[in-house]
Amino acid sequence: MSRRRFQTFDDPSHREGGARLGALRDALRGAGLDGFVVPRADEHQSEYVPANAERLAWLTGFTGSAGTAIVLLDAAALVVDGRYTLQAPEQVDTAHITPVALAETTVEAWISGHLPAGAVLGYDPWLHTAEGVGRLEKAAAKAGATIRAVEANPVDAVWPDRPAAPAGPVVLHPEALAGEPVAGKLARIRTVLETAACDALVVSDPHNLAWAFNLRGADIAHTPLALGYAILPREGRPALFLTSQDIAPDLRDALAGLADIHPRAAFAAALAGLTTGRIRLDTATAAVALKGRIESAGASVDLGPDPIAAMKAAKNAAEIDGARASHHRDGLAVARFLAWVDGRPAGSLTEIAAVEALEDFRDRGGELRDVSFPTISGSGPNGAIVHYRVTRGTDRTVRDGELFLIDSGAQYADGTTDITRTLAVGTPSEEMRDRYTRVLKGHLAIARAVFPQGTTGAQIDAFARQPLWQAGLEFDHGTGHGVGAFLSVHEGPQRIAKTGHVALVPGMILSNEPGYYRAGAYGIRIENLILVETRAIAGAERPMLGFETLTLAPYDPRLIDTGLLDAGEIAWIDAYHARVRAALSPGLEPATRAWLDDVTRPLGAANQR
């Protein structure tokens, strides 16, 4: 197999937590601060951040994609959501840092309960939104304390080997794949600005920057982003401010008549030039520092959604064609991988070996640009850690009688993929089959859902949970997240979750991934990507929507208890498996084709394997 290129398995340096906290506390005392908030964020409030912004990981050892540390002079907490309640205690030095579950205590509640009266809590204004700072202010006031913005982040001052800021090449995303010229996108954005009575938009989200100007970069691992900002006036030429000056000539040519490109260092002066008018800042990603600079220059700030986010979420015909093509390509690689796993001798598969093999199968297709996130490869108890990331220190052999969960994805120029399959190794227990089938039923409830236009993800999230609820079970993460078009594998604003309050519209791509996790034993998650599409229903009194399943990969029939499924569910699985078989078989080698024929037989026959 080819050489692994995209993922590493280094262990986090979490056992240095005490020394690093001590150094930070010394810096806080010197600055007259009694505490400091360290979010997992960069200047763009991104989920995936460059190495020089991994302050939370460096300080605490926690490598999850979301979390906040509050460091006081005599206490420290790490607040994480339900995805990381098992991971956080494993990674941080709990003698010095207390992991806190968000479901039990919010960041603000911890601050109001622990910050001493009269204390001053510091924060970096580039790492928090205005809304977030408002919450911190209220929490501190409840404790009789105050908050203070810092000019320089004190974590940076005590991080001796902090990586340099990224400055990867910035390239053109071809119009044939983007599906719309930059001029058309800018015109649509300006129409929204006019309706909102805004004179300009400051684009703070690099995903939106990439979409609006048909560019892609290399500043973030696994996500093709160029870090930077744009100022897009309602009238006049937009200005881009990019960290990198390595701009591909064809991109410069494409933007020559539409926008000006400047170095990132010129952004501060451009903000100072916004002396009048109403400037839209994105509520979700604009740092509070931007608000302060614009108001100091003399303009007024309009906090609201960046209109680009909604435009980007609804994929056009070219992007949908690309998504289908990329999922077909990815399905071939995943089928080869699953057949390879099934053919491994007992006790010979390790978690890292699985990651490397799957990446190599994808790489053989010749069009892999990157993986879309670090592969989650968890066997037995590691599978119960929702966002587990295998390291050299945690790698384990997949044992007979265990479940093996592998959640992975790929970046291709025409699309982004994300798929999870849970596999039986040896003979699964009846409890495993029961739990798997309940998760599968929830997965099918989403896949088969039909709903009226205007429905939100929150309204259908419970469909995926009902089969688990009937057995007194639950999972502590959303059922689905948005997915970009050769952009982030986690894209908003669309979600299928209790917090998913944005209406689903045709063209949105989301994941469908319910799960179940038994701590210390096993984890189950089943994930396909789905496309929101219109549904024609005879006699319908209003427009209706449903989902097309994009992912092409079989479920593990050894884990399906058909006694828990109804006739409609069985028919859907059989039809899906027939579709997978028809789509993938022509591109597979005879041995893999025979394996696929076997695992996609109608369920009555498949359960007799």
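Owing to the predicted nature of the structure, the values given are computational and were not obtained by experimental measurement. When a residue number appears, it is its place in the shown sequence, counting from 1. All values below come from the heavy atoms of this structure, side chains included, with hydrogens, waters and symmetry mates left out.
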(request) Pick out which of Asp370, Thr417, Thr223, Thr416 makes a side chain to side chain donor-acceptor pair (under 3.5 Å) with Gln411. (result) Thr416
(request) Name all residues meeting the salt bridge (Lys or Arg N to Asp or Glu O under 4.0 Å) criterion together with Glu108; count only those two or more places apart in sequence or in a different chain, and write none if there are none. (result) Arg135
(message) The criterion is side-chain hydrogen bond (donor to acceptor under 3.5 Å, both in side chains); which residues satisfy it with Trp126, sequence neighbours excluded?
(response) none
(request) Apply the side-chain contact (heavy atoms from CB on, under 4.5 Å) test between Ile530 and each candidate in Thr551, Val483, Ile446, Ile509; give the one that qualifies. (result) Ile446
(message) Looking at Thr105 and Leu102, would you say the former's side chain and the latter's main chain have a donor-acceptor pair under 3.5 Å?
(response) no
(message) Tell me whether Thr60 contacts the main-chain N or O of Ala57 through its side chain, where contact means a donor paired with an acceptor under 3.5 Å.
(response) no
(request) Say whether His44 and Asp205, considering side chains only, have a donor N or O and an acceptor N or O under 3.5 Å apart. (result) no
(request) May I ask you to decide whether Lys315 forms a salt bridge with Glu491, counting only side-chain N to carboxylate O separations under 4.0 Å? (result) yes
(request) Looking only at non-hydrogen atoms, find the nearest pair between Gly478 and Ala497 and report the distance. (result) CA-CB, 3.9 Å
(message) Just so I know, are the side chains of Asp418 and Phe373 near enough to count as touching, which here means a heavy-atom distance under 4.5 Å?
(response) yes
(message) Any carboxylate oxygen within less than 4.0 angstrom of a Lys/Arg side-chain nitrogen, looking at Arg40 and Glu47?
(response) no
(request) Report yes if some heavy atom in the side chain of Phe9 is under 4.5 Å from a heavy atom in the side chain of Val390; otherwise report no. (result) yes
(request) Quick one: closest heavy-atom pair of Pro125 and Val150, and the distance? (result) CD-O, 3.3 Å
(request) State yes or no: are the ring centers of Phe451 and Phe547 separated by less than 6.0 Å? (result) yes
(request) Could you tell me if the ring centre of Tyr229 sits under 6.0 Å from that of Phe267? (result) yes
(message) For a 4.5 angstrom cut-off between non-hydrogen side-chain atoms, does Thr455 reach Leu504?
(response) no
(message) Can a donor-acceptor pair be found, under 3.5 Å and without considering hydrogens, that links the side chain of Ser377 to the backbone of Glu351?
(response) yes
(message) We want to know whether Thr420 and Glu513 form a side-chain donor-acceptor pair, criterion being a heavy-atom distance below 3.5 angstrom.
(response) no
(request) Can you tell me which residue pairs pass the salt bridge (charged side-chain N to carboxylate O under 4.0 Å, His left out) test with a partner in residues 402-411, sequence neighbours excluded? (result) Arg396-Glu402, Asp407-Arg525
(message) With a 4.5 Å cut-off on side-chain heavy atoms, are Ser300 and Glu295 touching?
(response) no
(message) Keeping Arg20 on the side-chain end and Trp58 on the backbone end, is there a donor-acceptor pair under 3.5 Å?
(response) yes
(request) State, to 0.1 Å, how close Gln45 and Leu127 come at their nearest heavy-atom pair, and which atoms those are. (result) OE1-O, 3.0 Å
(request) Kindly state each residue pair satisfying salt bridge (charged side-chain N to carboxylate O under 4.0 Å, His left out) with at least one member in residues 151-160, sequence neighbours excluded. (result) Arg55-Asp156, Asp156-Arg162
(request) Using modelled atom types only, decide if a donor and an acceptor are shared between the side chain of His481 and the backbone of Val489 within a distance under 3.5 Å. (result) yes
(request) Answer yes if the side chains of Thr437 and Arg433 hold a donor-acceptor pair under 3.5 Å, and no otherwise. (result) no
(request) For Ser379 and Asn382, test the side chains for any donor-to-acceptor distance below 3.5 angstrom and give the result as yes or no. (result) no
(request) Could you tell me which non-hydrogen atom of Asp124 sits nearest to which non-hydrogen atom of Phe36, and how far apart they are? (result) N-CZ, 3.8 Å
(request) May I ask you to check whether over 12 heavy atoms, not counting those of Glu131, lie within 6.0 Å of atom CD? (result) no
(request) Taking Thr106 for its side chain and Ala109 for its backbone only, find out whether a donor-acceptor pair lies under 3.5 Å. (result) yes
(request) Say whether, by atom type as modelled, one donor and one acceptor occur between the side chain of Asp34 and the main chain of Leu121 under 3.5 angstrom. (result) no
(message) Restricting to side-chain contact (heavy atoms from CB on, under 4.5 Å), what partner residues turn up for Arg465, sequence neighbours left out?
(response) Asp461, Trp469, Glu474, Phe475, Thr479, Lys498
(request) Nearest 0.5 Å please: distance from the CD1 atom of Ile376 over to the CG atom of Leu405. (result) 7.5 Å
(request) Looking only at non-hydrogen atoms, find the nearest pair between Tyr517 and Ala384 and report the distance. (result) CB-O, 3.8 Å
(message) Using the side-chain contact (heavy atoms from CB on, under 4.5 Å) criterion, which residues pair with Gln87? Sequence neighbours excluded.
(response) Phe62, Thr63, Tyr84, Gln91, Ile385, His387
(request) Please check if the side chain of Ser112 supplies one atom and the backbone of Ala139 the other of a donor-acceptor pair under 3.5 Å. (result) no
(request) Not counting sequence neighbours, which residues clear side-chain hydrogen bond (donor to acceptor under 3.5 Å, both in side chains) with Arg448? List them please. (result) none
(message) Applying side-chain hydrogen bond (donor to acceptor under 3.5 Å, both in side chains), can you list everything that pairs with His443, at least two apart in sequence or on another chain?
(response) Asn512, Asn528, Tyr555
(request) Kindly indicate whether the side chain of Lys142, heavy atoms from C-beta on, has any atom under 4.5 Å from the side chain of Lys138. (result) no
(request) For His207, check ring-ring contact (aromatic ring centres under 6.0 Å, His included) against everything at least two apart and list the hits. (result) none
(request) Compare all side-chain heavy atoms of Ile352 with those of Val355 and state whether any distance is below 4.5 angstrom. (result) no
Report, one line per pair, each donor and acceptor closer than 3.5 Å where one atom sits in a side chain of residues 71-82; sequence neighbours left out.
unit_1, atom_1, unit_2, atom_2, d
Asp81, OD1, Arg83, N, 3.0
Asp81, OD1, Arg83, NE, 3.2
Asp81, OD2, Arg83, NE, 3.2
Asp81, OD2, Arg83, NH2, 2.7

(request) Look at the aromatic rings of Tyr516 and Tyr522 and report parallel, tilted or perpendicular, splitting at 30° and 60°. (result) tilted
(message) Any heavy-atom pair between the side chains of Pro154 and Leu28 that's under 4.5 Å?
(response) yes
(message) Would you say the rings of His128 and Tyr123 are close, in the sense that their centroids are separated by under 6.0 Å?
(response) yes
(message) Once side-chain contact (heavy atoms from CB on, under 4.5 Å) is applied, do any residues pair with Ala286, and if so which ones, sequence neighbours excluded?
(response) Ser204, Leu281, Leu290
(request) Give the minimum heavy-atom separation between Thr85 and Ala101, together with the two atoms involved. (result) CG2-CB, 3.9 Å
(message) With a 3.5 Å distance limit and no angle check, can you tell me whether Gln459 reaches the backbone of Thr456 through a side-chain donor-acceptor pair?
(response) yes
(request) Quick one: pull up CG in Leu21 and NE2 in His96 and give me the separation to the nearest 0.5 Å. (result) 7.5 Å
(request) Kindly write out the residues that satisfy side-chain hydrogen bond (donor to acceptor under 3.5 Å, both in side chains) with Thr375, not counting sequence neighbours, or none if the list is empty. (result) Gln7
(message) Does any part of the side chain of Arg293, heavy atoms only, come nearer than 4.5 Å to the side chain of Ser296, both counted from C-beta?
(response) no
(request) Before giving the answer on salt bridge (Lys or Arg N to Asp or Glu O under 4.0 Å), spell out for Glu527 and Arg421 the whole-Å C-alpha distance, their side-chain angles and the decisive distance to 0.1 Å. (result) CA-CA 7 Å; Glu527 178 185 18; Arg421 288 296 182 266; over 6 Å; no
(message) Does Ile147 form a side-chain contact (heavy atoms from CB on, under 4.5 Å) with Val37? I'd like the steps, not just the answer.
(response) CA-CA 10 Å; Ile147 64 172; Val37 182; over 6 Å; no
(message) Please check this pair: side chain of Arg280 against backbone of Pro305, looking for a donor-acceptor N/O pair closer than 3.5 Å.
(response) yes
